[in-house]
Amino acid sequence: MTIETPVKNRPHRDEAHLAGLNPAQREAAAFGLAAPHGWDADPLLILAGAGSGKTQTLSHRAAHLVLAGVDPRRILLLTFSRRAAEEMTRRAHTICDAALAERGRRRQSVKLPWAGTFHAIGARLLREYAPRLGLEPAFSILDRSDAADLMDVARHDAGLTRRDDPNAKRFPRKDTCLAIYSATVNRQARLVDVLDGYFPWCREHHDDLKRLFADYTARKQDRATLDYDDLLLYWQLVMREPALAAEIGARFDHVLIDEYQDTNGLQAAIISGLKPDGRGVTAVGDDAQAIYGFRAAEVDHILNFPKTFCGTHVVTLEQNYRSSQAILNAANALIGEASRAYAKQLFTERGPGTRPRHVTVMDSAAEARYVVDAVLARRETGVDLKRQGVLFRNGHHANELEIELIARNVPFKKYGGLKFLEAAHVKDFLGLLRWADNPRHEIAAWRTMQLVPGVGPGTARQAVDALTAGNDEIAVLADFRPARADQTAWRAMIDTVAAMVGDTADWPGVLVPAAAWYKTILRERYEAPTTAREADIDDLVRIAERYADVPAFLTELTLDPPQATGDHNDDALLDEDYLILSTVHSAKGQEWDSVHVLHVADGTFPSEFSTKTEAGLEEERRLLYVALTRAKNELQVISPLRYYVPEQPKYGDRHVYGAASRFFTPRVLACFEQVTDKSALPATSGIDAAGKPSADRPSLDLASAARSLWD
DNA sequence: TATTAGATGATTTTT
DNA sequence: TCATCTAATA
């Protein structure tokens, strides 16, 4: 007897490549497709819990689309980082190749989908359509600090920093101004509402801020520069123009979006613009892992996806392949206490595993020692450093750990925190390249000029004005002779930049004199040996040489900066074993055999800035949930009793005895084994475990000394 | 006008 | 701690 099934659901021998997926994953990967007969594309929402094989499923779907006959170039894959985009593209490629080989066909020629972050794809589309949008195609992209500097120039020029009345409140600093601006743009909200909701202490400056932002916007346009937010904002504006939206939307048959829970209003609007009825859209995400509220992301976009696009098919992935049951229990207990119920309950078929540990230590010094000991002990049992991860809420929470790791010769790589590109000398050199790339890039020019000894803000300002008056021809600077400046260095700067400007410049050959010029500046500037800094410049040059031209290099570097310290020269490190340190945000999508979470105390986790609102607190809970669910076999959460609070200036010691994290309720704690490090036990002498004399405790605690005899 | 020293205040996570 | 701003000096 045969059972009639609709053509599009009939299993097909060509689906062999989906064999490794579980039923839910397979359903998601193959939904609406009947290879090789084409596809039918109702909107698809995949709710994928932590460790449920999301990347696997999405890359299979991409591969399946291609095998079903979709042209890869008509697929748009939007991810959260470029690393994720590359990973998925690579996997999809492998799956396709294997499937084609199976069928005895030749490997397909390399056609790549459009894959990248919203920002990167936005930049690419905007450049392409620039002529039709009244945009300079060769626009430069301002990174955060360039944008802040431009904001600062506008801020000073508007006289907002003058303080006629010394008692008057100061105008917000450049970073705050930029943050307010960014929040307003990304939330698509009115300035008043953003100020009321997120920056109440700046409310009184509403009118000045409004004027400032208008000026900032005008300056960016004059200078052919776009900031990060513009990449989304402009793209979204394009999508509001029906003809253009239809044209761009028609270029893609399928739009796959990863981490949909972290999309903001602009991004959601872009998707709606591309595919108004949602046909061809696949969104993947997990509402329990929404952690980018501060970037105006709203969980509602994923929750309301089925309402926004009617006819949405929803697939839920609940089987976790990553963590042991014991770790999953802890994570489930934590998220189970959220004020909002999450739709999924993760389960695993892996064994129970060892219970996660909750370790109490004295302070961050003890924490650092404890973690290094634990990491090295794991390595002894055969868990390589690379299979271990140390996670924390803020970049600086790992500072002491870094010192300890260096002292004990443990190699590591840190994600988040101070980045390669933020080092002053790296910024200087990039500024030079940015100026050459876009002679109208006021900030880059101004910064670069001040590198010349004897040139300060005033002189640089005048030179920039002269440059603008002279139609941005570098040559006009030759007539501008700054009185106090080192004339040789000034002349050399002009020659260096002039040689780099224009299409005729010999790339990457021009990098050599540019680096040479900057190195002379470096040596004059710093008395200490500059070899380390010079090596960084050489690294930068080596990276730059891999790109076709300056704009390509700068765009890549701005949109996808090296994530880790040491990332830029990772070729040398590649086969070595090293420990990963990462902020929880940067750890999204990653996993390790053994995970150590630092500094879990009230005030840091949850962060004290987030505890004022319910939404903020819930986001912190999800952040901790993300941290816990990174672990496969072993998990340790470390809580210092006493920690450093830079925000609270106190006389003398700024350490504070903090409360335990409010997330560790009895029900959550029950999933953990309690461990107390010896540093956190009552001291048995006048010297506490940190090695410093402690004045605030009795020099001898007879009771615990007596007890410890029996330990 | 450039540079330095000292005072003052603040916030974290990232494209 | 760090960035920013002001005042003093060259």
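So you know, we letter chains A, B, ... as the sequences are listed, proteins then strands, and number each from 1.
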- [ ] Send over the distance from A:H397 NE2 to B:dT12 P, rounded to a whole Å.
- [x] 10 Å
TODO: Please state how far atom CD in A:Q450 lies from atom P in B:dT3, giving the value in whole angstrom units.
DONE: 8 Å
Open item on the list: Whole angstroms only, please: what is the CZ-P distance between A:R144 and C:dA3?
Closed with: 14 Å
Open item on the list: Using a 6.0 Å distance limit plus a 45 degree cone around the ring axis, check whether A:R187 lies over the aromatic ring of A:Y198.
Closed with: yes
Task: Residue-phosphate contact under 4.0 Å: A:R83 side-chain N/O, B:dT15 OP1/OP2 - done: no
Open item on the list: If you assign each of A:L623 and A:R484 to its closest nucleotide in DNA chain B, which residue comes earlier from the 5' end?
Closed with: A:R484
Open item on the list: Applying a 4.0 Å non-hydrogen cut-off, can you work out what A:D229 is touching in the nucleic acid: base, sugar-phosphate, or nothing?
Closed with: nothing
TODO: For C:dT4 versus B:dT13, give the span between their P atoms, rounded off to a whole number of Å.
DONE: 15 Å
Open item on the list: I want to check a possible cation-pi pair here: A:R127 against A:F139, using under 6.0 Å from ring centre and within 45° of the ring axis as the test.
Closed with: yes
TODO: Can you tell me the distance, in whole Å, between the CH2 atom of A:W201 and the C1' atom of B:dA10?
DONE: 10 Å
Open item on the list: Tell me whether A:K54 is salt-bridged to A:D286, with the criterion being a basic N under 4.0 Å from an acidic carboxylate O.
Closed with: no
TODO: Could you tell me whether A:R124 sits above the aromatic face of A:W114, with NZ or CZ closer than 6.0 angstrom to the six-membered ring centre and within 45 degrees of the axis?
DONE: yes
- [ ] Figure out the CG/P separation between A:D143 and B:dT15, and round it to whole Å.
- [x] 12 Å
Open item on the list: Could you check whether the side chain of A:R173 and the base of C:dT4 have a donor-acceptor pair of N or O atoms closer than 3.5 Å, going by distance alone?
Closed with: no
- [ ] Report yes if a side-chain nitrogen or oxygen of A:S610 is closer than 4.0 Å to either non-bridging phosphate oxygen (OP1 or OP2) of B:dT13; otherwise report no.
- [x] no
Open item on the list: Base, sugar-phosphate or nothing for A:T117? Non-hydrogen atoms, less than 4.0 Å.
Closed with: sugar-phosphate
Open item on the list: Using the side-chain heavy atoms of A:P457, tell me which of these nucleotides is nearest: B:dT13, B:dA2, C:dT4.
Closed with: B:dA2
Open item on the list: Could you tell me how far apart A:L160 (CG) and C:dC5 (C1') are, to the nearest whole angstrom?
Closed with: 15 Å
Open item on the list: Could you tell me how far apart A:L598 (CG) and B:dT13 (C1') are, to the nearest whole angstrom?
Closed with: 15 Å
Open item on the list: I need the CG-C1' distance between A:D149 and C:dT4, as an integer number of Å.
Closed with: 12 Å
Task: Nearest listed nucleotide, side chain of A:R393, among B:dT12, C:dC5, B:dT15 - done: B:dT12
Open item on the list: Need one value for A:R155: base, sugar-phosphate or nothing, where a base atom within 4.0 Å counts as base even if backbone is also close, heavy atoms only.
Closed with: sugar-phosphate
Task: Phosphate OP1/OP2 of B:dT11: any A:T176 side-chain N/O under 4.0 Å - done: yes
Open item on the list: Base, sugar-phosphate or nothing for A:V584? Non-hydrogen atoms, less than 4.0 Å.
Closed with: nothing
Open item on the list: Looking only at the side chain of A:Y292 (C-beta and beyond, no hydrogens), which of the listed nucleotides B:dT14, B:dA2, B:dT13 gets closest?
Closed with: B:dT14
- [ ] Can you measure from CZ (A:R340) to CD (A:E618) and round to the nearest 0.5 angstrom?
- [x] 8.5 Å
